[in-house]
Structure formats: structure tokens, C-alpha cells
Amino acid sequence: MAKETQQKDYKETLNLPRTPFPMRAKLPAREPEILAGWKEKRLYERLRADRQGRTRYVLHDGPPYANNHIHLGTAVDKIQKDMIVRSRSMMGFDAPYVPGWDCHGMPIEIYVQREFRERGEEPGLAELRRRCREFAGEWVAIQRGEFERLGGWGAWDDPYLTMSKDYEADIVETFADLVEKGFIYRGLRPIHWCVSCQTALAEAEIEYDDKDSPSITVVMGVLEDPNQVFAGAEPAGVLIWTTTPWTIPANRAVVVHPELEYAIVETDRGHLLYAHGRHEALAGLFEHAEVVRTLPGSELEGLVFSHPLEERPSPLFVADHVTLEEGTGVVHTAPGHGAEDFAVGREYDLEIYNPVQRDGVFVDTTPRYAGRHIWETNEQIVDDLDRAGRLIAREDVTHSYPHCWRCQNPVIFRATVQWFLAIEHDQLRQRALGAIDDVEWIPSSTINRIRTMVEQRPDWCLSRQRAWGIGIPAVYCEACDEPLFDVAFVRHVAELVRREGADFWFVAPIEAIVPEGTSCQHCGPDATSFRREVEILDVWFDSGSSQRAVLERREDLAWPADMYKEGPDQHRGWFNSSLMLAVATRDAAPYRTVLTHGWMVDAQGRAMHKSRGNVIAPDQITEKRGADILRLWTAANDFTRDGRFSWEAIDQVSEAYRRIRNTFRFLLGNLADFDPEKDAVPLAELLDFDRWAIGDLERLATEVREAYERFEFHAVYQLLVNYCTVNLSAIYLDGIKVRLYIQPAGGTERRSAQTALHTILDTLVRLAAPVLPFTTDEVWTTSDANQSDSVHLEEFRPAQPERIDAALEADWRTILRARQAVTRELEGLREGKVIGSSLGAQVEVSAEDPAEQGILEHHATALEEAFIVSAVQVRPPEVMSGVEPVEEGFRVVVEPSPDEKCDRCWRYREDVGHSPEHPGLCAECTAILSS
RNA sequence: GGGCCUGUAGCUCAGUCUGGUUAGAGCGCACGCCUGAUAAGCGUGAGGUCGGUGGUUCAACUCCACCCAGGCCCA
């Protein structure tokens, strides 16, 4: 009993760690408070002010779409962006972050329309747009809160919105530049069209449903056969197949696949051409059918057939979209009625012929079928083909077919006049490809993607038949129906939009839009009566204009941006649209570096889909574990690959987080009485172990900074976790505990260790700050040694090469290897229950290698601490020759100490009990207590 | 179906470009220790036919071909 009391007394004489920094983070509760603190102190704004005049690093945010809660992918993207911005800021750059939102576009419009419809209302255009604007604004507010919760900081109070007046005006300005430079033209293009609602439909407005259609196989006679493919046989022709007989009048070509085998088949209907692979399915249509020759599609070029119902040629071309799944392997092509047909038509300069009016009735000039509705003519056309001897087979099929989501009627493809940006004009494509080479693409392989996209992209169809967007700034002459193509007018519209907003275009009287005195360029000065274009610009034009509306306009930003960073889908989207608009209007890419991150997938590596039920919302993680955990997990993943989400991975990261947190806690606890100004020991006077630790820290700091520079956050994660776990917790911190606890608080030995601890804390908290902004802020606030308001106003400590002593490092490499041998031997004693704590042991050691033996001897006094044992004797090798060397090249004898355990320092010492005043203590502790 | 990309221990990552001894780390796991970082800390150990098959080579995780699984974008 007396002994216990005395022990307790001795514990009071130790310098044990103490800190208010809690072991348990309680991040979900704590983080919102920290966030509020940042806002209150206006830290982001202060950082901006502090960094004024520094080299700028502009990460330009790609605007997410404002119509839903953020998902894991957007959360991870924003976190990565934040880690980039924070790390560049800590490197000393002026690194602003201006978040943005994409506000116009169909998903919002469709949602809002449905809202009205469910209430039985039919809103006017102005009302619809008003509600869309309101709706987008609501989601911007929600997403802003969700993003901020992740710890991302930036100009959240002053973001950019594609629906703000200034932004909208800059979209129109961009359009004006394109008109001025001659990039804009009008042309035909097939789009989904509902003849019942008489409106264009977007992909999202189409529902696939079963439809009954006539399925017909038709022969088209040979008109020209320059290469004697049919060897002069008569009659001869090609078999085509379709389920839309009404498109036969618009036939302008037939298409084969260049690499498929085609067959000339002798039948009772003559020599017929079709894909060899369809022979089995088609031969039954004839009384006899015998393949007389086969040849690849590429050798069929040059053939010209005749239109099935008219005296007009229908040439054969090759294209890759042909398949053998159905039909004849030869595709009836009507460029005005299908996307692929259109592409072929464009490639071979065919007429984009669409004889169908908006109501589904053939135009007056249509041969045979003028004035008739397409669905009525289907049977008539089949009959006509039969009478003309062209029909080989007919059956009725039920197949999946696109229907209008409003009226449920089948829809058609119909070529209509659209606005385009000409990709070949002024060598835009070539210049864009050149600009791509001037950009750094991370990872480097992603350049292939953007290059292919730009090489292959067709002219950009800019117009959309929708309501929620920027009206295309054009007016049509009431007399001749031609658009007014005038840059001055477009710029005038831009000014109107800047003043009044884009809604003005749709609601203002036409006189308020067209300046007085404007007249038609075709009809002359008397033609002053106009109607406005009601179609809107593709929303990719909106976001693609951000380089002008945001990078150029905002004083805190700059053109071009240092970095664009988005997912792989943006090679087709934003990276692409931004590039085309920038090269067209500014003759250079709007970015210096483009970083593409991987996609967020589930634990099995599969994409997240609502229907699959594997979607994870970020707030599930922040509410359970906290944003810093989500951030650390984000950092841990190599973002050039897809990020696999699993709770197991989150658990793992949570463990790593606890390790980092406890390391900080230990550092803080042992620095409670340390004032670096007064107590720090100069580098040269530090104990070797401490000097080694600072050198080791310096190595780490360099590697971490380099990893940040390369945006390799997963390397940062691995480095920090390994450092905290191995270098600090297992080796250094564990080793210096005895010294920290037992030596006089203000003594050099303890101050030496504390100097190292303080250096480590000061460096580490900065290195971890971009990844763990909440936790590091908490560490910073807890530490007495820091005067500034936040670690996030600080910079990384610059490299300090003087901290690295190569010779000392080499020595410690040897010592740590010897330590490895010792700990292994200690484990043997533990297994035999001979010792518990390693302090219960004493060690004899010698090295095989004379140089290493010299090192051990030189550092003999440091070995107790390094090995965490009560006594170490470095023996001459010859004395140890009876001991088997362990694999590290050391001979080690570990045995329980024969001495008494000191009640204070817990080491076993032969001098315990020499003082009558402190019979349970060793001489050193006795001396410390008496001073 | 096409283009581009990814695939190393249960998890997160090194190593592959410039082929060459028993493929490394941390976490997790198992077992043990400590009880002066304690809802902490320390030690020891077991885990991998490097997605698969075939090829080149004296030698392949590393180079080549094909295949499989997955991702993005198209069709």
C-alpha cells in the first residue's frame, strides 16, 4: 500500500503529456463549428488579400448542373479541386477558387414543365423561364451548402452562374465573335420530331415502346456497274430492308460495310447483292438462291442503283455503322431521316432531303405522295413497290420504337434547319489540334481522347428547340424569312442582355430588340419588319463560354486557366466545347493543364446507378464519419484510376485518420510546456536521435511537397500515414518517451526532444492541411506556439537542406537495422514470458561489418533509447563469436535485466536503492528529484 | 460493335517506361506485450500462380498478341 502511494507520487514528478486536443474527433459535430469559424473570420478573403501579388494559380471550376443533390462523384471532384487549390496556396501561390453552376438546359426545363403539368397548368414562356430560373437558384443554394460542408473553400458568396445577366451577355458576345469570324451557318440536320405535337424532342423526352410496322425487303436495280461486280447479269439489283416505308421517297443512297463480305446471289428474281452473312436468312425468300461470288464491301464502291420508285440514281457508299443483325447488310439511306444516314449524306455531299412537314404531311413537291400523311402512306408505298416489281417480301413486325413522352405517338427523324458552328472554317479543327499539343494532359494518355474527339467531331449544332436557355440572337425578315446576319446587331443584343437579362429576348416587344432603321440585308431598306428566333443555344455553349465570362471577366482570375479538372466524360463535353470556342475566338486553348480524374464506382468496380441501388450520397459519409474522412479517402485513391467506394475502404481510412490524429495529439501533449522562442535548442546542439528525426522529417516534407506538386494525393496519403505510423509512432516517439517523461522539464535533454517535436508538429500540420483542413485547423488552434488565426493562411515550410546530415542518416540506418534485430529477439523473450515490457531487458550487440561495429560503438549511449531497453553493451565481435548472427548482420544477446526496476523511470538499474531518501529509485531519478 | 483507359496481397498504394537474386509498404487480420499517448501505444506472424492464355527471351509482374472483367464516350 505504501509502495503504491509512493509510485503515485513519483508519477506526479513526471512530465506526462497533457492537451485539450481530444482523442476522439467527433468530426460530424465538430466540423460545422469549424466551418462557421472560417466564415466568421472570412479566412478565404483574408488569404486572397495575403497572397495579392503572388504568382497566380487558377484552377477553373467546371460548373456542375444545378438540379439535384450532389453525388459522390461531384463531391470527390470538389474535394480534389480543393486539395489542389489549398496545396498550391500553401506553396505560396495566389490560388483563388471561384465555383460555378450550369443553370440553363433541358433537365431543369423538363422538371419544371412536369411540375406545371401535374398542376394542370400550361405556363407561358415567360412564366416557364421564371420558374426555371427560380428552380436553378434553389438548387445552387442547396449544392453550395453541400459543397461547403466538404471543407472546400472559395468564393462561395460570389460564384459564377451561367444564368446571371453578365454571364448570359458574354455568351451572346462569344456568339457575336463567331458570327464576325464567319463560323456560324444554318443548315439541315435530322432531329427527333413528334408530328402530333409538332415539336422537336430531345433524347430524354423519348420513350421506347412497341410499335407495329411493315417490314419490307426491296430490290433496287443496277444503274451503273463500272467494275463489273455483277458481270453484266440481267436483271440485277441490290436488296435493301426497312421498317419505315414512308422514308423510301427520301432514299438517296445505299450503304455497305467496307469490311463485311457481300454476295452476288443468283435467284429467280435475278442476280441480287446482299451481305453474305445474311444469306441464310434471306435465301428462303426465293425459290432458289445460289451464291455465285463474294467480295468485300470495299470493292462495291462505284455501283449506282436506281431509286425504287423514281427515276433517280442512288449510289452505293461504305460506312461503319452497317451490321448483320437484321435486314440485308445493305442500308437504305435517307439523309433527311436518320442520324447515320445524315452523317453519310454529309460525308458524300448528298442532298439532305426531307419532304415531311412539321405536321407529318408530305410537302407539295413530293413525287406521288404530296399532301398525304406519312403514317397513311406506309401501305400505299408498299403497294406501289409491289406493283413496280420491287417488293421481294413484306411482313409485319412488332419492334421497340421511339415514342413521344407527351402524346405517346411514334416519333420520326426529320431534317430541319439548325444553327451550326463550322469546324473546318478558318482551319478551326487543325488549330484546335495544334492547341491540344500545347496543353499538358494528366494523365498523359488522355491526350488521345481529346485528340480523337476533336479529329472526329462534326460541325457543332448550336440550336436547341427548347425554352430554358440563351435565345439565339437572330431575327428573321418577315418578308423573305432570311435571318439577319449582322455582328453589330448581335452585339447590340449582348448589351440588352447585360442590362435586362436573357429573358428579355423572349418577352420584349420586337421593337425593343431590333434597333430602329434596321432593315433586311436581302430585301432592302424598306424591309424593316422582323420576327425573333425562338430557339436557344446548346448549353455546352453556355459552359464553354466560361473562359470569357469568368476567366477573363473576374479580377481574381486570369485567362488562360492553369488547370481544368473534370471527369473523363468532359473530353466530349466541357474540355471540348471550351477548346473550340477559345480557339475560334482567342486562337489558343483556355487551359495550360487538363487533369482528368477517374469515375466513382462501387466496390465491385461498377458504375453507380440508381437502378442498381449502389449509389452512395456523400452526406452518408460526412454524417457518419465526417468530411475529413471523406477527404482522406479521396486522397488515398489514385485519381487517374476509377475510385472504388466501399465502407471497408472508409473504415481503413478512418483507422489511418485515428493514427494521424493521435500522432498530433501526442505531439501537442508533449509540447504543452514548450515555447519555441525561449526553449528551442539549436540544431547543432540537438541530441543525435532528435537531429536524426528532424532530418527524417525534412526528407518526408520534400517528398510530400513534390507529391502535391504532381497532384499525387494518394502519395501524400501513403507518405503521411507511413511517417506517422512507422517513423514517428513506432520509432521516434516511442523511443524518446522515457527522456520526455523523466528528465527535468526545462533540461537540455528534454528541450532537445521537444525542439524536434515542435519542428515535426509545425511541419506536419502544414503538410496535412490541404487534405485534412478541419483536423489541422483544430491542431493549429490547440497549439500555443501558433499565433496566426489558421493553418490555412500559412505556407509549407520551405526546404531546409541544412537539416539533413548524410553521415548521421547513414549511422541511424545501421542503428535502426540493429534495432530490428533486437526487437525480434525481444519477442522471443516475451513468448517465453521472461519479460513483458522491453525495458525489462538488457542487450549485448555487435556488428559483423567493422564499419557498422564502429557506428554502434560511436553511438553506444543512444542505443538504450533507440532499442527502448534498460541497458545496451556494444561488445567486440570476438566476444560475441559464440552467438549466431541474425540475418541483419548483427549478433544480439537479449536477456532479462538482473537489476531492480526504478519506481520512477521504470528502467532496470544497478544503482536502484542507493539513496535512503528514495529507496525505490535509480541514481539518475534521485538526482533529478533532488535538483 | 468501335475508340480511349484501368486491372499487383482482404483494403489503399509502390515496383512495370530502362526484363534479371525469395514482388515491397501501411492498414486490416492472427497471436502476444504494455497499462505513464490508454475507446491509445509496441512487437511478431500469416496473406499475392502480379486479371487470363499464348508468344518473344537464357530470364517477364515488367515486352508483344489475343482473351476476360470493369470504366468513360460513341454506335
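Just so we're on the same page: letters track the sequence lines, and every chain starts at 1. Everything quoted here is computed from the prediction, not taken from an experiment. Worth knowing before you read on, the calculation uses all heavy atoms, side chains too, and leaves out hydrogens, waters and symmetry mates.
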For atom [atom1] of [X] and atom [atom2] of [N], their distance in whole Å:
X: Arg907(A); N: rG36(B); atom1: CZ; atom2: C1'; answer: 14 Å
X: Leu728(A); N: rG26(B); atom1: CG; atom2: C1'; answer: 14 Å
X: Ile868(A); N: rG36(B); atom1: CD1; atom2: P; answer: 15 Å
X: Gln570(A); N: rC73(B); atom1: CD; atom2: C1'; answer: 11 Å
X: Gln820(A); N: rG45(B); atom1: CD; atom2: C1'; answer: 13 Å
X: Gln604(A); N: rG71(B); atom1: CD; atom2: P; answer: 11 Å
X: Glu703(A); N: rC13(B); atom1: CD; atom2: P; answer: 18 Å
X: Asp651(A); N: rG28(B); atom1: CG; atom2: P; answer: 11 Å

Which base sits across from [N] as a Watson-Crick or G-U pair, both distances under 3.5 Å?
N: rU57(B); value: none
N: rC31(B); value: rG43(B)
N: rU18(B); value: none
N: rG26(B); value: rC11(B)
N: rA69(B); value: rU6(B)
N: rG36(B); value: none
N: rG1(B); value: rC74(B)

Please check the phosphate of [N] (OP1 and OP2 only) for any side-chain N or O of [X] closer than 4.0 Å.
X: Arg606(A); N: rG71(B); value: no
X: Tyr717(A); N: rG26(B); value: no
X: His597(A); N: rC72(B); value: no
X: Lys737(A); N: rG36(B); value: no
X: Asn670(A); N: rA37(B); value: no

Counting the atoms with a prime plus P, OP1 and OP2 as sugar-phosphate, which does [X] contact under 4.0 Å by heavy atoms, base, sugar-phosphate, or nothing?
X: Gly605(A); value: sugar-phosphate
X: Arg449(A); value: base
X: Arg904(A); value: base
X: Val653(A); value: nothing
X: Ala607(A); value: sugar-phosphate
X: Arg659(A); value: sugar-phosphate
X: Ser729(A); value: base
X: Asp569(A); value: sugar-phosphate

Using the [atom1] atoms only, state how far [M] lies from [N], rounded to an integer number of Å.
N: rG32(B); M: rG70(B); atom1: P; value: 43 Å
N: rG52(B); M: rG10(B); atom1: P; value: 13 Å
N: rG19(B); M: rC64(B); atom1: P; value: 11 Å
N: rG20(B); M: rC50(B); atom1: P; value: 16 Å
N: rG48(B); M: rC29(B); atom1: C1'; value: 15 Å
N: rU12(B); M: rC17(B); atom1: C1'; value: 24 Å
N: rC5(B); M: rA65(B); atom1: P; value: 12 Å
N: rG3(B); M: rA23(B); atom1: P; value: 37 Å

Given that Thr640(A) and Glu340(A) both sit by RNA chain B, which one's nearest nucleotide is further toward the 5' end?
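The residue mapped nearer the 5' terminus is Thr640(A).
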Whichever of Cys905(A) and Asn637(A) has its nearest RNA chain B nucleotide further upstream toward 5':
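Result: Asn637(A).
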Between the protein and nucleotides 31-34 of chain B, which nitrogen or oxygen pairs come in under 3.5 angstrom?
{"from": "rG32(B)", "atom 1": "O3'", "to": "Lys833(A)", "atom 2": "NZ", "distance (Å)": "3.3"}
{"from": "rC33(B)", "atom 1": "OP1", "to": "Lys833(A)", "atom 2": "NZ", "distance (Å)": "2.5"}
{"from": "rC33(B)", "atom 1": "O2'", "to": "Arg830(A)", "atom 2": "NE", "distance (Å)": "3.2"}
{"from": "rC33(B)", "atom 1": "O2'", "to": "Gly836(A)", "atom 2": "O", "distance (Å)": "2.8"}

One thing to verify: whether Arg451(A) and Asp437(A) come together as a salt bridge, which I'm taking to mean a side-chain N less than 4.0 angstrom from a carboxylate O.
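Salt bridge between Asp437(A) and Arg451(A), a charged N being under 4.0 Å from a carboxylate O: yes.
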Taking Arg909(A) first and then Glu864(A), would you say they form a salt bridge - that is, a charged N and a carboxylate O separated by under 4.0 Å?
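Judged by the 4.0 Å cut-off on N to carboxylate O distance, Arg909(A) and Glu864(A) do form a salt bridge.
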Among [options], the one nearest [X] by side-chain distance:
X: Met23(A); options: rU12(B), rG36(B), rA40(B); value: rA40(B)
X: Gln652(A); options: rG26(B), rG36(B), rU35(B); value: rG26(B)
X: Arg612(A); options: rC73(B), rG71(B), rU6(B); value: rG71(B)

Just by distance, no angles: are the side chains of His571(A) and Thr596(A) close enough, under 3.5 Å, to form a donor-acceptor pair?
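Indeed, the side chains of His571(A) and Thr596(A) share at least one donor-acceptor pair under 3.5 Å.
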Separation of [Y] [atom2] from [X] [atom1] (nearest 0.5 Å):
X: Leu764(A); Y: Thr759(A); atom1: CG; atom2: OG1; result: 11.5 Å
X: Trp906(A); Y: Tyr10(A); atom1: CH2; atom2: OH; result: 14.5 Å
X: Leu72(A); Y: Ile621(A); atom1: CG; atom2: CD1; result: 5.0 Å

Give a yes or no answer on whether the side chain of Tyr401(A) reaches the backbone of Val411(A) with a donor-acceptor pair at less than 3.5 Å.
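Answer holds: yes.
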Which label fits Tyr348(A) and Phe317(A): parallel for a plane angle under 30°, tilted from 30 to 60°, or perpendicular past 60°?
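Geometry flag for Phe317(A) against Tyr348(A): parallel rings.
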Any donor-acceptor pair under 3.5 Å joining the side chain of Glu648(A) to the base of rG28(B)?
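Absent.
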Determine whether a donor-acceptor pair (one donor, one acceptor, N or O, separation below 3.5 Å) exists between the side chain of Arg665(A) and the base of rA37(B).
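No such pair is found, so the answer is no.
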Closest heavy-atom contact between Arg904(A) and Tyr741(A)?
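That would be NH2-O, 4.4 Å.
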Sequence neighbours excluded, which residues qualify as salt bridge (Lys or Arg N to Asp or Glu O under 4.0 Å) partners of Glu566(A)?
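So Glu566(A) forms a salt bridge (Lys or Arg N to Asp or Glu O under 4.0 Å) with Lys81(A).
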Passing candidate, salt bridge (Lys or Arg N to Asp or Glu O under 4.0 Å) with Arg739(A), options Glu865(A), Glu924(A), Glu749(A):
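That would be Glu865(A).
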Please name the residue in the list Arg665(A), Lys26(A), Arg661(A) that meets the salt bridge (Lys or Arg N to Asp or Glu O under 4.0 Å) test with Glu778(A).
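The salt bridge (Lys or Arg N to Asp or Glu O under 4.0 Å) with Glu778(A) is passed solely by Arg661(A) among Arg665(A), Lys26(A), Arg661(A).
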Pick one for rG24(B): is it syn, with its angle within 90° of 0, or anti?
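Glycosidic conformation of rG24(B): anti.
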